[in-house]
Chemist: 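Before I ask anything, let me first share the structure, which is written out below as structure tokens.
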Amino acid sequence: MLASWLRMKYPAALDGAIAGSAPIWSFIGESPACDYYSFAKIVTRDASAAGGATDECAEIIKASWAEMFKAAETAQGRRELAEDFMLCQGLEESNHTVWDLAYWVQTAFDYMAMGNFPYPSSYILNGDGELPAFPMREACKAAVT
């Protein structure tokens, strides 16, 4: 990131710079202004027709959040969530809440979007397993069926 900033601030002093994943435009006060939702937009795009899935997938995922929180309002709903997500402990038996579950699910989509390569890869999983080629598309196939 420092290499990117240096190149941005002193373009005449450097011929080039190498930086990976440097969010140099993601800070308050920068011009153009920071879009705080840009990452979520990219993840959503991966779950749409523009990302190779279907638009139905993105809509199903968006609707699932409200369904998850609605289910968590009752003891039966919390038991069903624990069963559906194969949780080791139910939401009532642990210190975890539906917010923790939603964050866990969101993180899974985030990681699939970051590892949405056209070939199988263990990169995002640090070698502990392997994501299929275009994992978001594969997740969408399961979501729409």
Side-chain angles (χ1 to χ4, degrees), residues 1-9 14 16-145:
M1 188 149 154
L2 292 176
S4 294
W5 267 340
L6 187 62
R7 177 76 175 110
M8 185 176 74
K9 297 291 183 182
L14 293 120
I18 298 174
S21 300
I24 58 173
W25 297 114
S26 296
F27 296 95
I28 296 171
E30 291 294 327
S31 179
C34 176
D35 179 359
Y36 297 106
Y37 302 102
S38 61
F39 183 76
K41 290 175 187 175
I42 292 167
V43 172
T44 301
R45 181 189 179 282
D46 280 355
S48 72
T54 65
D55 282 329
E56 183 182 30
C57 180
E59 295 307 315
I60 287 170
I61 294 169
K62 285 179 186 178
S64 72
W65 302 118
E67 292 297 319
M68 185 184 302
F69 284 96
K70 183 176 181 182
E73 291 175 359
T74 67
Q76 176 63 29
R78 289 188 294 276
R79 283 192 295 276
E80 289 174 6
L81 287 171
E83 184 179 311
D84 290 345
F85 287 98
M86 295 185 262
L87 302 178
C88 295
Q89 290 183 317
L91 293 173
E92 294 179 328
E93 292 86 30
S94 70
N95 291 327
H96 299 292
T97 67
V98 69
W99 286 97
D100 297 316
L101 178 60
Y103 179 70
W104 178 72
V105 173
Q106 175 192 346
T107 301
F109 284 112
D110 292 348
Y111 275 82
M112 284 187 286
M114 288 187 285
N116 208 27
F117 305 129
Y119 47 83
S121 173
S122 63
Y123 163 69
I124 287 293
L125 301 176
N126 294 320
D128 188 22
E130 186 173 270
L131 290 175
F134 295 114
M136 188 66 87
R137 293 179 191 177
E138 294 300 316
C140 283
K141 287 177 189 175
V144 298
T145 57

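Numbering of residues begins at 1 and proceeds along the displayed sequence.
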Chemist: Donor-acceptor pair, distance only, cut-off 3.5 Å: does the side chain of Asp100 make one with the backbone of Thr97?
Modeler: yes
Chemist: So for atom CH2, which belongs to Trp99, do other residues, nucleotides or ligands contribute more than 12 heavy atoms lying within a distance under 6.0 Å?
Modeler: no
Chemist: Work out which heavy atom in Ala113 is nearest to a heavy atom in Val43; give both atom names and the distance.
Modeler: CB-CG2, 3.8 Å
Chemist: Within this structure, what is the CE-CG distance for the pair Met114 and Asp46, rounded to the nearest 0.5 Å?
Modeler: 11.0 Å
Chemist: For the NZ atom of Lys141 and the SG atom of Cys57, what is their distance to the nearest 0.5 Å?
Modeler: 11.5 Å
Chemist: With side chain to side chain donor-acceptor pair (under 3.5 Å) as the test, pick out the partner of Gln76 among Glu80, Arg78, Glu73.
Modeler: Glu80
Chemist: Got Ser122 and Asp128 here, is their nearest side-chain heavy-atom distance under 4.5 Å?
Modeler: no
Chemist: Roughly how far, to the nearest 0.5 Å, is the CG atom of Asp55 from the OG1 atom of Thr44?
Modeler: 11.0 Å
Chemist: Would you compute the distance between atom CG of Leu101 and atom CH2 of Trp104 and round it to the nearest 0.5 angstrom?
Modeler: 7.0 Å
Chemist: Where does the angle between the aromatic ring planes of Tyr123 and Phe117 fall among parallel (under 30°), tilted (30 to 60°) and perpendicular (over 60°)?
Modeler: tilted
Chemist: Specify the closest pair of heavy atoms between Pro135 and Met112, including all atoms of both residues, with the distance to one decimal.
Modeler: CG-O, 3.6 Å
Chemist: For the CZ atom on Phe39, are there more than 12 heavy atoms of other groups (residues, nucleotides or ligands in this structure) within a distance under 6.0 Å?
Modeler: yes
Chemist: Please round to the nearest 0.5 Å and tell me the distance separating atom CG of Leu131 and atom CE of Met136.
Modeler: 10.5 Å
Chemist: Please report the interatomic distance OG(Ser38) to CZ(Arg45), rounded to the nearest 0.5 Å.
Modeler: 13.5 Å
Chemist: Any heavy-atom pair between the side chains of Met68 and Val105 that's under 4.5 Å?
Modeler: yes
Chemist: Please find the pair of heavy atoms, one from Glu138 and one from Ala133, that lie closest to each other, and give the distance.
Modeler: CG-O, 3.9 Å
Chemist: Can a donor-acceptor pair be found, under 3.5 Å and without considering hydrogens, that links the side chain of Thr74 to the backbone of Gly77?
Modeler: yes
Chemist: When you look at CZ of Phe69, are more than 12 heavy atoms from neighbouring residues, nucleotides or ligands closer to it than 6.0 Å?
Modeler: yes
